[in-house]
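In this chain, residues are counted from 1 in sequence order.
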Amino acid sequence: MPGEVVVIGHPLVQHKLGLLRTKTTSTSTFRSLLAEVSMLLAYEVTRDLPTQDVPVETPLARTTVRMLDGKKIVFVSILRAGTGLLDGMLRILPGARVGHVGLYRDPTTLAAVEYYFKVPSEMQDRDVIVLDPMLATGNSAVAAVERLQATRPRSIKFVCLLTCPEGLRHFHASHPTVPVYTAAVDSHLDRHGYIVPGLGDAGDRLFGTK
């Protein structure tokens, strides 16, 4: 596959992903599990964040510790399902800024249609982490990253729960330098553009809609 794809195979991630896939999992449990998985994904996607030496006083002595080098992270949630990943990510990095991209999938063409875009100002010095549980056809992901690239951020990463070969090919054909972090690469897309075996519509399962 073109482009960088990081599959996070940690046992806790895979266990919770299995519960999310299960069709009998309730809305409230699905919501909790998605937040828990996103916290685990956050550890991997932030592994290369820069740190700096900071002097501190412990109860016993003065020492130097490693802390994050500034607060330059921006989580960008692709509405609406991206909200499910955002909550967990913010528990790990509560000081991060937040942006939103509103997109819906045209039911006929499967193309992404934008209806909302709001990100922090002065994106040039910021590292962006784009959040969407599913990278399926890739249309929404491609459109969101294209809009974000116009703001000239320092870097962009894409985080999803599930993806598939078709979606990855489409995404990296447009954005070959943007790495994708995911818990699994599933088999394929069906004729309706859903990931198989997948977990259904993440937004519907997250919010209890159909």
Side-chain angles (χ1 to χ4, degrees), residues 1-45 77-89 101 103-113 129-145 157-176 178-210:
M1 294 179 185
E4 181 183 0
V5 181
V6 179
V7 179
I8 300 169
H10 192 284
L12 287 176
V13 172
Q14 295 304 313
H15 172 75
K16 293 178 187 297
L17 174 59
L19 295 173
L20 286 165
R21 289 186 189 274
T22 305
K23 67 179 183 179
T24 55
T25 298
S26 68
T27 298
S28 61
T29 301
F30 188 95
R31 191 176 297 138
S32 298
L33 285 167
L34 190 54
E36 291 168 6
V37 169
S38 66
M39 286 190 284
L40 297 171
L41 297 179
Y43 284 112
E44 294 298 328
V45 75
S77 169
I78 298 180
L79 300 173
R80 64 183 168 143
T83 305
L85 292 176
L86 176 62
D87 292 343
M89 292 278 179
V101 181
L103 297 165
Y104 68 88
R105 184 169 66 172
D106 185 287
T108 303
T109 66
L110 303 184
V113 180
I129 299 176
V130 185
L131 308 174
D132 195 353
M134 315 295 279
L135 174 55
T137 63
N139 292 333
S140 295
V142 167
V145 171
K157 297 176 181 178
F158 192 93
V159 179
C160 59
L161 191 61
L162 290 178
T163 186
C164 59
E166 299 96 320
L168 289 171
R169 281 194 294 268
H170 183 198
F171 181 79
H172 278 140
S174 298
H175 305 298
V178 177
V180 174
Y181 292 75
T182 186
V185 179
D186 275 9
S187 174
H188 64 282
L189 292 178
D190 67 12
R191 62 189 181 90
H192 300 293
Y194 286 98
I195 296 174
V196 178
L199 51 74
D201 186 292
D204 284 347
R205 298 196 65 189
L206 177 64
F207 296 110
T209 56
K210 292 183 179 181

Less than 4.5 Å apart, side chain to side chain, heavy atoms only: is that true for [X] and [Y]?
| X | Y | answer |
| --- | --- | --- |
| Asp132 | Phe158 | yes |
| Ser77 | Leu85 | no |
| His10 | Leu40 | no |
| Val180 | Val178 | no |
| Met89 | Leu41 | yes |
| Thr209 | Arg80 | yes |

Is there a donor-acceptor contact under 3.5 Å from the side chain of [X] to the main chain of [Y]?
| X | Y | result |
| --- | --- | --- |
| Thr137 | Gly193 | no |
| Arg21 | Gly198 | yes |
| Arg205 | Leu199 | yes |
| Thr22 | Gly18 | yes |

Interatomic spacing from [atom1] in [X] to [atom2] in [Y] - rounded to 0.5 Å:
| X | Y | atom1 | atom2 | value |
| --- | --- | --- | --- | --- |
| Leu12 | Glu36 | CG | CD | 9.5 Å |
| Leu34 | Asp87 | CG | CG | 8.5 Å |
| Leu135 | Cys164 | CG | SG | 6.5 Å |
| Leu33 | Leu20 | CG | CG | 4.5 Å |

Inset, instruction - For His188, look at atom NE2 and say whether over 12 heavy atoms of other residues, nucleotides or ligands are found less than 6.0 Å away. - result: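 Yes - once you tally the heavy atoms of other residues, nucleotides and ligands closer than 6.0 Å, there are more than 12.
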Inset, instruction - Measure across Gly84 and Ser38 and return the closest heavy-atom pair with its distance rounded to 0.1 Å. - result: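 Shortest heavy-atom separation between Gly84 and Ser38 comes out as O-OG, 4.2 Å.
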Legend entry - Nearest heavy atoms of Ser140 and Leu103, plus distance in Å: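 In this case the closest contact between Ser140 and Leu103 is O-CD1, 3.3 Å.
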Inset, instruction - For Ser26 and Thr29, test the side chains for any donor-to-acceptor distance below 3.5 angstrom and give the result as yes or no. - result: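 Note: Ser26 and Thr29 side chains meet the donor-acceptor criterion.
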